[in-house]
Each structure stands twice: as C-alpha cells, then as structure tokens.
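Let me begin by presenting the structure, written as structure tokens, before commenting on it.
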Protein chains: 2
Amino acid sequence: MAVTIKDIATRLNISVSTVSYALNGGPRPVPEAVRERVLEAARELNYRPNRVARSMITGRSHTIGVVPPGITHNVFLSPYLQHALSGVANAANDLHQDLVIFTRFEAADTEAMLGYLLDGRVDGAIFIAPSLSEDATRQLAASGLPCVCVSIAPHEGLPSFSPDNEGGIRLVMEHLFALGHRRFAHIAGRPEMDDAIARRGGFEAFLRSQSLPCPPESIVNGDFTMEGGALAMAELLRRGSGATAIVCANDEMAVGAMHTVQAAGLRVPEDISITGFDMSPYSGIVQPPITTVSQPVIEIAAAATSALVALVEGQEPPASRVFPTELVVRASTARPQEDLLIP
Amino acid sequence: MAVTIKDIATRLNISVSTVSYALNGGPRPVPEAVRERVLEAARELNYRPNRVARSMITGRSHTIGVVPPGITHNVFLSPYLQHALSGVANAANDLHQDLVIFTRFEAADTEAMLGYLLDGRVDGAIFIAPSLSEDATRQLAASGLPCVCVSIAPHEGLPSFSPDNEGGIRLVMEHLFALGHRRFAHIAGRPEMDDAIARRGGFEAFLRSQSLPCPPESIVNGDFTMEGGALAMAELLRRGSGATAIVCANDEMAVGAMHTVQAAGLRVPEDISITGFDMSPYSGIVQPPITTVSQPVIEIAAAATSALVALVEGQEPPASRVFPTELVVRASTARPQEDLLIP
DNA sequence: ATGAAAGCGCTAACAT
DNA sequence: ATGTTAGCGCTTTCAT
C-alpha cells in the first residue's frame, strides 16, 4: 500500500488537514516547526502525493489531451504531426501541463472519442488537423470541455490556429509564374482535411486570378505521404497534362512526386519544377532540395496550447489566429524549357 | 455539474450499485429490463463515466507513461523516437491502453520525475533509450511501478527490449571490410546513451577481431543529429585520419556527415564510404542513399509495451529480448580507391 | 492554530 | 434481486 497523508498524520499525531496544508504550503498557515516535521516525515516515509485523488476534488488534472489527425496506425511518422506535437509539448512544459495522447484508433468513432475526452482525465483538448463531423463538434461544445484546433477548424466555435494556407500557395505560384510557368498541376492532400482543401482552393484561386484555365485533370488527390505523392505524380504523367510546374500540398508528396519524375527520366527542375509545403526536413535533404513554403507549425501549436490553458483557466475564448507563411526558394524550381514556354 | 450514476439512480428510483452493475455489465447480474432502463437513462442524461473516480478504487488507470530519452525541447523531432512511439502507440491501442507522454523536461531531475511517474495516473512506464542513474533505477524498482525499457537497460532489473547493436555494427563493418576498406572511423552517438556505447563497442570489437588498429582519433562523439554528424565529420577531416569508411552510430549523423564530405568536394562513395544505423527515412532519400542497418524499432517498442501490460496484470517479469538487425546495402558504400588500398 | 468531517464519483463488500 | 454503506486519497469547510 502506498504511503498517504494519513500515514504522516498518524505518525506525527496531527490531523490530515494540517499535513495537507503543510505539504501544499497553504492556503491555511502552518507554523514553520510543524511544516518541517511534516516534510521530514514525508521524506522518511517516501511519500508521493496521489494526483488522481487530488484531481477528483479540484476538478483539474493539469493534463491536456492531444488528438492527432485521422487516427490511424503509425501516427507518429508524419513530420507535420511531429512538429505540431513538439510545439504542444514545448508550451505544455512551460505551462506545467502534462499530455495524454489519444491514440485509441477505434475511437475514431465519435461517441467513443467523446467518452475518452470527457472521462475526467484531461482539462481540455487540442485537435491537430481534425476531420470532425459537425455533430461531434456540437457535442464537444455542449460538453463544456475547452478545446482548440491546430489547423483550420472544421466548424464554427472551435478556436483555430492555422497557417495562411491560401497565401502560402499563392507565394509559390507567384514565384513559378514569375519564372514563366503557365501550365500548373496540383497534387492535393487528403480531401477530408481542411488544410488540404484550403491549399487546393489557393491553387484554383491563383489560376483564376491570372485567367488561366484549371481543367479537372490538372488536380489529383494524394494522401500527404511520399508514396501517395509518387502515385499521384505517376497519374499526372499518365494523363499527359503537360504541366511544367507541380504544386504539391505538402513536402512528403513533393519528395514522392520528384522521385517519380526522376525515375521517368525527366529532370527536376529543368523539365519539371516541383514545390512543396511545410518545410519539412525531407524537403531540404533531397536532390535537388525542394522549393517550399514554411509555416511556423511549432509556434502555431504552442500558441494553441497557451490559448487552451488560458481557456481552461476561465479566460475568454481566444480569437482564432492565422499565421503567415514564407516562400523558401530552393533548387527544384526554375524557368520552364524554352520550347514549353507559352509566349 | 456533470451527470453521475447517482443522477441516474435518483431518476429511476434505484440504487447506485444497481446502476453501476448495469453500466458495467457485471459482476453482479442485473435483470435485462433494469439494464435497459439504466442504459436509456444514461443516454438521455448524456452520462459519461468518470474514469478518474473509477481508477481511484480499482487502482488501475489503463494508462501507460512514456518517458522519451534525454528529455529536452522538440523531443518529437527524432526519427528514432517517432518510430518507437509509433510502436508503443500501436500496441497500446491493441491492448486498450492510453498513453501519457512525459515531456516535463524539468523532470530530468530524478526526484521530480519519480513524483510524476508515481502520482497514480499510470499503471506502468516505458522508458525509451533512457540515461537513468543507478539510484533512479533502484528507487523505481522499490516503488513497485512496473517498468520496461526500449533499448538497452542502463541497469539490472529493468527488462530491456533492444536491437543487436553490436551485431548490426559488425554487419556493416564486415560489408566494408569485404569491399576492401581497412581504415575506419566512427562517429559515435551521445556517450551517455547505452545504445551509443554498444555501437561504439561493436566498432572497436570488429577492429580488434581483425587485428586492425583503433587509434583514439578515429572515433569522435556526435549527438545523434544531422548537425552533430556534420560537425563530427568536419572534425575527422581536420584530423586527417585517412579513413576510407565512416561508420556512423545512426542515420541522421550519417546524413550530416555525408553533407560535410560532399561540401568538402569529396565524393561518396568514390572517395569515402559512409554507413548509418536505424534505416530512418532520411537515409533512403538522400543522394546517394545510405547503406545502413535496419532494426525493427516499431516491433521492439510494441513488444516492450505488451510486456509492460502483462507485467501490470501481474504476470512474471518478462525476459529481456534482443532483436536481430539487418544490413541494408545502398549506394553510399563502395570499394575504396585503388591508391588508398592497403595490399 | 488545528482537529473533525464532508465529500469528489465510483466500486464492492455487506446487508437484506 | 437489490439497497446501504464504506471507502479510494485528497482538499476544504466547519468547528473548536
């Protein structure tokens, strides 16, 4: 049996309340002499406070629940998630919060997931790039559990901390356009994810703004993985879209796409320019390094975490925030070949 | 105030114990009719069981604590940790366990860390490549908290699930030796980490087994990161060790080292062969792809997790297990140049 | 200044 | 078959 404050109380012939106040340094004053004896007894008995019991009373666990996107096996292998988790962990540490990560995939079932989130172990939840149904969002709001969202919130009422997805895509496309590209293709992300939707929207919006056509065959869905990007690129080549620039919704897909292009005997960037999004480590170490858009994922996730903790502590719901993105020009983009140039 | 079983009991004019048994489907039998009414009332009231209260009684939280290595900022960015976490998460999911990840860095302080681990929220702990003091290990054992270790256990009594580090290094070195290499250098990992120590030991052992010299200047410490590998390689070049093959303790350092070599105007593998360890995604996408050793991190971590859960459930402490490694030959290794060959 | 006691929401032993 | 009640370990109100 573990040592409890009652053991300390018995040993010192004082009441448990005094022990509790001595251990917590308040709120009721405890004479220094008593305090010292309590602390010493605690040390001798090797006492460890039971936080579960404490949180039953205080109703606070000082623990934040993290819900990764599209809960599936091997969740931790996505560079995006890794950076988001790092940001959450950094901020949680500064704010003295612990993290429970919800990796119970069967909980993709909304009802079960709500059960996990609302079972009293966490004070609030951070959703990372979720694809939440409107119903789930509503139930979550009704439950009163403080929540925030890293990435675009799928529905009203969930404070959102996201990169400027459309703006980022505009940056790469302006860069490609300035180089002379006029025929673009897009490898989109998982169609149920809101950031993927926003990036695709940015692609279409730019073409519209330049009065360029945007035939349906110039867009193909990937799944944000290298393999998905490689397959999507193969599909584009098969379609013979004639695009000189491939705008990918993230870096992993760009790496995969570049691999397909190179395996087909084409050169990047001489024959085809490729761009990514996220500035993941992969994009910088492949040959050629990939032109991409950096978004401050770690800061975004940290800001979301701080906002969540403020919310838990009773402050006003934070305003959603959109973070700026930056163009990172590297060697995977160049002028299209002369004979492909459209005057 | 949240809905409790008492609310359900009051509403149906029955006792809380009946509600509890109905909700849990036992152990006391509850007539089907009553059960149905309870379930319906629970649904109507939107009742959610409070697991904190339950775990106070049962003493089980069905939650596992995960302690990452060398707790520091941005922990999640290490590919090794990502794979280990994936394995833990996969198994935890299958075994219906939740995960709390200990990212409270200040807890690097042993006493504080023990406090976190023993505050009642987790049923057991998984240490990933820890650098635990002997004292910490002893206290942990004394506490009775079930623990296992992914990687070599730093001390007796902690069941360990690790790759065959020495064997893996032997595999790459036999490969290099067969190619004709006779002058080797080693970029070691963080000297306080046991896997790093074992790999370095493997390097020295192989040289000894071939009666080759192992001058101290042929080994330099890195920190398992790309930057660390790049710096370590720069140091090796400065020392002019004349090594034709660089054996790195992991892939990130191999990528960094290769970058330094190429930036110095040397070619891989023509001028210098480089090998990694872990088969991380990076090693496969750089140019040239890096010859490495694959270890089944995900399976190792999953096995450790299963063993921990068995331990929590009162079974015998699991035996430590060493997992085989495999050589993955890629393009970063080749015969040394003729004029460098030692007859 | 400090002790006694009431719970937090739940399970399980004890009654009936 | 089912109701009553004693805790789990702790914080906090109420007495003294």
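Letters A, B, ... are given to chains in the order of the sequence lines, protein chains preceding strands, and every chain is numbered from 1. Just the heavy atoms: all of them, side chains too, but no hydrogens, waters or symmetry mates, feed the values below.
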So, do B/T305 and B/V88 sit near enough that their side-chain heavy atoms are less than 4.5 Å apart? yes
Residues A/D98, B/R121: salt bridge by 4.0 Å N-O rule: yes
Interatomic distance, B/K6 NZ vs C/dC8 C1' [rounded to whole Å]: 11 Å
Measuring to OP1 and OP2 of D/dG3, would you say a side-chain N or O of B/T18 lies under 4.0 angstrom away? yes
Take atom CZ of A/R35 and atom P of C/dT2, then tell me their distance rounded to the nearest Å. 14 Å
I need the OH-P distance between B/Y21 and C/dC10, as an integer number of Å. 14 Å
Whether the side chain of A/D7 engages the backbone of A/T4 through a donor-acceptor N/O pair (distance < 3.5 Å, no angle test) should be reported. yes
Take the C1' atoms of the five end pairs on each side of the helix from C/dA1-D/dT16 to C/dT16-D/dA1, derive the two axes, and give their angle rounded to 10 degrees. 50°
Can you tell me the distance, in whole Å, between the CE atom of A/M56 and the P atom of C/dT11? 11 Å
With a 3.5 Å distance limit and no angle check, can you tell me whether A/S86 reaches the backbone of A/H83 through a side-chain donor-acceptor pair? no
Salt bridge (Lys or Arg N to Asp or Glu O under 4.0 Å), that's the test. Do B/R60 and B/E313 meet it? Break it down for me. CA-CA 10 Å; B/R60 290 271 266 119; B/E313 278 163 359; 3.4 Å; yes
Could you go through nucleotides 5-7 of chain D and list every protein N or O atom that sits under 3.5 Å from one of its N or O atoms, giving the distance for each pair?
none

Between A/S20 and D/dT11, does any side-chain N or O lie under 4.0 Å from OP1 or OP2? yes
Taking the side chain of B/T4 as its heavy atoms from C-beta onward, which of C/dT11, C/dC10, C/dA1 lies nearest to it? C/dC10
I'd like to know if the side chain of B/T103 pairs up with that of A/N93 as donor and acceptor (distance under 3.5 Å, no hydrogens or angles considered). no
Within the distance-only criterion (no hydrogens, no angle test), does the side chain of B/S17 pair as donor or acceptor with the backbone N or O of B/S15 below 3.5 angstrom? no
Here the distance between atom C1' of C/dC10 and atom CG of B/N24, to the nearest Å, is 9 Å
Rounded distance in Å - CZ (B/R28) to P (C/dC10): 17 Å
In whole Å, what is the span from the CG atom of A/D7 to the P atom of D/dC8? 11 Å
Kindly say whether A/I128 contributes a backbone atom to a donor-acceptor pair with the side chain of A/S151 at under 3.5 angstrom? no
Parallel, tilted or perpendicular: which describes the rings of A/F76 and B/F76, with under 30° parallel and over 60° perpendicular? parallel
Charged N-O contact under 4.0 Å between B/E40 and B/R43: no
Over how many whole Å does the gap from B/E32 atom CD to D/dT2 atom P extend? 13 Å
Treating B/H155 as the side-chain partner and B/E134 as the backbone partner, does any N or O pair qualify as donor plus acceptor under 3.5 Å? yes
For DNA chain C, which residues in residues 38-54 of chain A have a heavy atom at a distance below 4.0 Å? none
